[in-house]
Amino acid sequence: MQQLKKTRNIGIIAHIDAGKTTITERVLFYTGRSYKMGEVHDGEAIMDWMPEEQERGITITSAVTTCTWLGHTINIIDTPGHVDFTIEVERSLRILDGAIGVFCAVGGVEPQSETVWHQADRYGVPKIAFINKLDRPGANFYGTVRMIRERLGATPLVLQLPWGQEEEFQGVIDLMEMRATVWNEDDLGASFQKVAIPNDYVEEAIRQRETMLELLADTDDSIMEEYLSEKEIDIQSIKRAIRQATIKLTLVPIFCGAALRNKGIQPLLDGIVEYLPSPLDVPPVTGINPRTKEPESRSATVKESLSSLAFKVVMDQGRRMTYLRVYSGIMRQGSIVYNSTKDVTERVARVMRMHANKRERIDQAISGDIVAVMGLKETTTGDTLCEKGHSILLESMEFDRPVMSMAVEPKQLKDQERLLDTLTKVADEDPTFKFTLDEDTGQIIISGMGELHLEILAQRLRREFLLDVNTGKPQVVYRETISKKAAIEKVFDREWAGVMHFAAIKIEVSPMERGKGNRFVNNCSNPLMTEEFINSIEEGVEEASESGVLMGYPVIDVESILLDAHVKELLSTPLSFKIVASMAFKEACELALPILLEPIMKIEVIVPEEFVGDVIGDLNTRGGRIERITTKGTVKILAAIAPLSKMFGYSTALRSASQGRATFTMQFSHYDRL
């Protein structure tokens, strides 16, 4: 119990380039977890271990590590900031107890910061905020605090003030102790001194401390009493009140610094330990009993039976590694566990504590631990692992649907099967990645969350799986139909393979409503037409409809009516009727003014109000049609339809039109006239 009380499971979340990985590198250095401070811009950050991350200087996959501070164990997940990899944030927040929101003092609350903050709100994750890059030109501490209040709907509790800004930034002023902290540059900020607050800042510090106490008094009765009686409130009482308000999601403590200049990290570590919850501070995990369907809960203790959630699957040198959060009980190496999501049992071959891509073997994982295990063959993201006799099914995760596609093919035909196998493995790792083999074009279509997502996946195929592939735009698959009624009589009377064949039919084709599909109707009254002959005619029409008369695309939404047929004894065969039906259908379609149909997509765009005009304008230029606009909080939801052929590159265009703050989903709706 004591060990759990001193455990913190936290994630670092923010917009791309806010400094998440730089902060994590400092945390690892100051806690003694690493001896060298890796820099993102040099491609040497420990947490950015993938070659693609080192080349681009961005985080692509969430990395897990563990360190200790003030006798507490801190499990940290460093998450990506790019919108294309939002799945990594989603699945991390699902299993974390707390989060640090990092904000750039120049950019303030940027679009992806908004997205990840609301993801954390959805899972009820308590947060503290760190305003970074206060040494940069254009840094604005108070402007960023105001944006946190206005854009995120949070109540910021300022615990520190910057001592200077931009090139004059020297350190931070602690409003609790009313002292200033400066860091030594000689030892990379590992040591620091506490000094008196400079005279220029005393008045502002007193005013901000008063505001801090007023906010706390609103949330805590004992602080309110002491505040109203004008007593000196001791620091421990203030910290206790901040911790309670943070865990209840009432307030967000604000820290500040400049991670790249090694300033502000140790007080942030103190804040993690003091204000973010341990597994004992969050409510017991809840789920349902798979047998009785009744709700159940498990408290964070080793005495409870095992419950854990798989939140990530990684292919490591061809072997499957599954990341788990253990909520209750113990998971031992070599034990048999029950996957209640898939109703299968699995064997835990090895349990490992992860440090980015390095691993340390351990005998067991206990409640509160975040570990990786080897040996699980069936388990995928969102699955629950528990004990067979005490099964529970935890709430899984919802994933966004892919919005962008790209065609991929192996350069050598012999690699086709291997490519399909590899894509299956990649899809196991990443629930926002999908692939299909398009039967109409023969192309393998891969789909993901954006152009960068797909570009990196293609790069991984080449580098990690040694598959030489070509990539390109997928072909849009059109359809054909007819625009008016037409009837035709067709006779088939010829020798084939030394045998005479005869069949004659009269057929009428007419257009049907969009999406109704094809229909065959038998209105023939000739008593000599057997069921076998009728079935052969239907088969012939069906086969002919697979390749239209305009450009060879499948024909849809056509009704074919058999009006009459002639039979000659001994000469009429099922084959002759199948052939004549195929010929008659094609010729009737030629007479019925054939037209091309294109796929129309259903699109939903979630966009802040100020960008609605630009987004509608862009959709209009793509031949889109707005069907309705609804309001949800501070954002508008646009429902529209648009042709697929005009939607390539839309993800990038939408980001440009909305400063990256809009998101969209797209799925097939119907075919309509080109």
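In this chain, numbering begins with 1 at the start of the sequence shown. All figures in this text were calculated on a predicted structure; none of them were measured in a lab.
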Contact summary for [X] and [Y], nearest pair of heavy atoms:
{"X": "Phe192", "Y": "Asn184", "answer": "N-ND2, 4.2 Å"}
{"X": "Thr322", "Y": "Ala310", "answer": "CG2-CB, 3.7 Å"}
{"X": "Pro162", "Y": "Phe169", "answer": "CB-CE1, 4.0 Å"}
{"X": "Phe130", "Y": "Gly264", "answer": "CE1-O, 3.6 Å"}
{"X": "Ile197", "Y": "Ala205", "answer": "CD1-CB, 4.1 Å"}
{"X": "Ala120", "Y": "Lys127", "answer": "CB-CD, 3.9 Å"}

Just verifying a value: how many Å separate [X] [atom1] and [Y] [atom2], rounded to the nearest 0.5 Å?
{"X": "Ile77", "Y": "Ile12", "atom1": "CD1", "atom2": "CD1", "value": "10.5 Å"}
{"X": "Trp163", "Y": "Gln170", "atom1": "CH2", "atom2": "CD", "value": "5.0 Å"}
{"X": "Ile131", "Y": "Lys133", "atom1": "CD1", "atom2": "NZ", "value": "14.0 Å"}
{"X": "Leu269", "Y": "Ile74", "atom1": "CG", "atom2": "CD1", "value": "5.5 Å"}
{"X": "Leu385", "Y": "Ser308", "atom1": "CG", "atom2": "OG", "value": "4.5 Å"}
{"X": "Arg298", "Y": "Tyr327", "atom1": "CZ", "atom2": "OH", "value": "13.5 Å"}

Would you sort out whether Ile366 and Gln364 count as a side-chain contact (heavy atoms from CB on, under 4.5 Å), showing the intermediate values?
CA-CA 7 Å; Ile366 62 167; Gln364 61 181 34; 3.8 Å; yes

What verdict does the side chain to side chain donor-acceptor pair (under 3.5 Å) test give for Thr219 and Lys248, after you've listed the backbone C-alpha separation in whole Å, the side-chain angles of each residue and the deciding distance to 0.1 Å?
CA-CA 10 Å; Thr219 65; Lys248 285 179 188 166; over 6 Å; no

Determine yes or no for a side-chain-to-main-chain donor-acceptor pair under 3.5 angstrom, with [X] supplying the side chain and [Y] the backbone.
{"X": "Thr384", "Y": "Leu394", "answer": "yes"}
{"X": "Gln160", "Y": "Ile173", "answer": "no"}
{"X": "Asp174", "Y": "Thr181", "answer": "no"}
{"X": "Ser328", "Y": "Ser305", "answer": "yes"}
{"X": "Arg353", "Y": "Glu360", "answer": "no"}
{"X": "Asp187", "Y": "Ser191", "answer": "yes"}
{"X": "Thr65", "Y": "Ile76", "answer": "no"}
{"X": "Ser278", "Y": "Leu280", "answer": "yes"}
{"X": "Asn339", "Y": "Thr341", "answer": "yes"}
{"X": "Arg325", "Y": "Ile370", "answer": "no"}

So for atom NE2, which belongs to His72, do other residues, nucleotides or ligands contribute more than 12 heavy atoms lying within a distance under 6.0 Å?
yes

Counting only heavy atoms not in Asp221, do more than 12 fall under 6.0 Å of its CG?
no

Which donor-acceptor pairs under 3.5 Å do side chains of residues 208-215 form with protein atoms, sequence neighbours excluded?
residue, atom, partner, partner atom, Å
Gln208, NE2, Glu204, OE2, 3.0
Arg209, NE, Leu175, O, 2.7
Arg209, NH2, Met176, O, 3.3
Glu210, OE2, Tyr227, OH, 3.0
Thr211, OG1, Arg207, O, 3.1
Glu214, OE2, Tyr227, OH, 3.2

Residue pair Glu346, Thr379: steps toward the side-chain contact (heavy atoms from CB on, under 4.5 Å) verdict:
CA-CA 8 Å; Glu346 300 253 54; Thr379 302; 2.8 Å; yes

Using a strict 4.0 Å threshold on nitrogen-to-oxygen distance, state whether [X] and [Y] make a salt bridge.
{"X": "Asp220", "Y": "Arg240", "result": "yes"}
{"X": "Arg332", "Y": "Asp363", "result": "no"}
{"X": "Asp135", "Y": "Arg261", "result": "yes"}
{"X": "Arg136", "Y": "Glu166", "result": "no"}

Is there a side-chain contact between [X] and [Y], using heavy atoms and a 4.5 Å cut-off?
{"X": "Arg320", "Y": "Asp428", "result": "yes"}
{"X": "Arg350", "Y": "Val373", "result": "no"}
{"X": "Tyr123", "Y": "Arg94", "result": "yes"}
{"X": "Phe29", "Y": "Thr24", "result": "no"}
{"X": "Val348", "Y": "Met331", "result": "yes"}
{"X": "Pro253", "Y": "Phe255", "result": "yes"}
{"X": "Ile265", "Y": "Trp183", "result": "no"}
{"X": "Tyr323", "Y": "Val314", "result": "yes"}

Please test Lys342 against Asp383 for salt bridge (Lys or Arg N to Asp or Glu O under 4.0 Å), starting from the C-alpha separation and ending with a verdict.
CA-CA 8 Å; Lys342 294 200 167 68; Asp383 286 2; 2.6 Å; yes

Are side-chain N/O atoms of Asn289 and Glu296 paired as donor and acceptor at under 3.5 Å?
yes

Have Arg26 and Asn262 got a donor and an acceptor in their side chains that come within less than 3.5 Å?
yes

side-chain contact (heavy atoms from CB on, under 4.5 Å) assessment of Glu177 paired with Ile235
CA-CA 8 Å; Glu177 296 182 351; Ile235 286 177; 3.9 Å; yes

Would Leu251 and Ile242 satisfy side-chain contact (heavy atoms from CB on, under 4.5 Å), going step by step from the backbone distance to the final call?
CA-CA 8 Å; Leu251 299 174; Ile242 294 171; over 6 Å; no

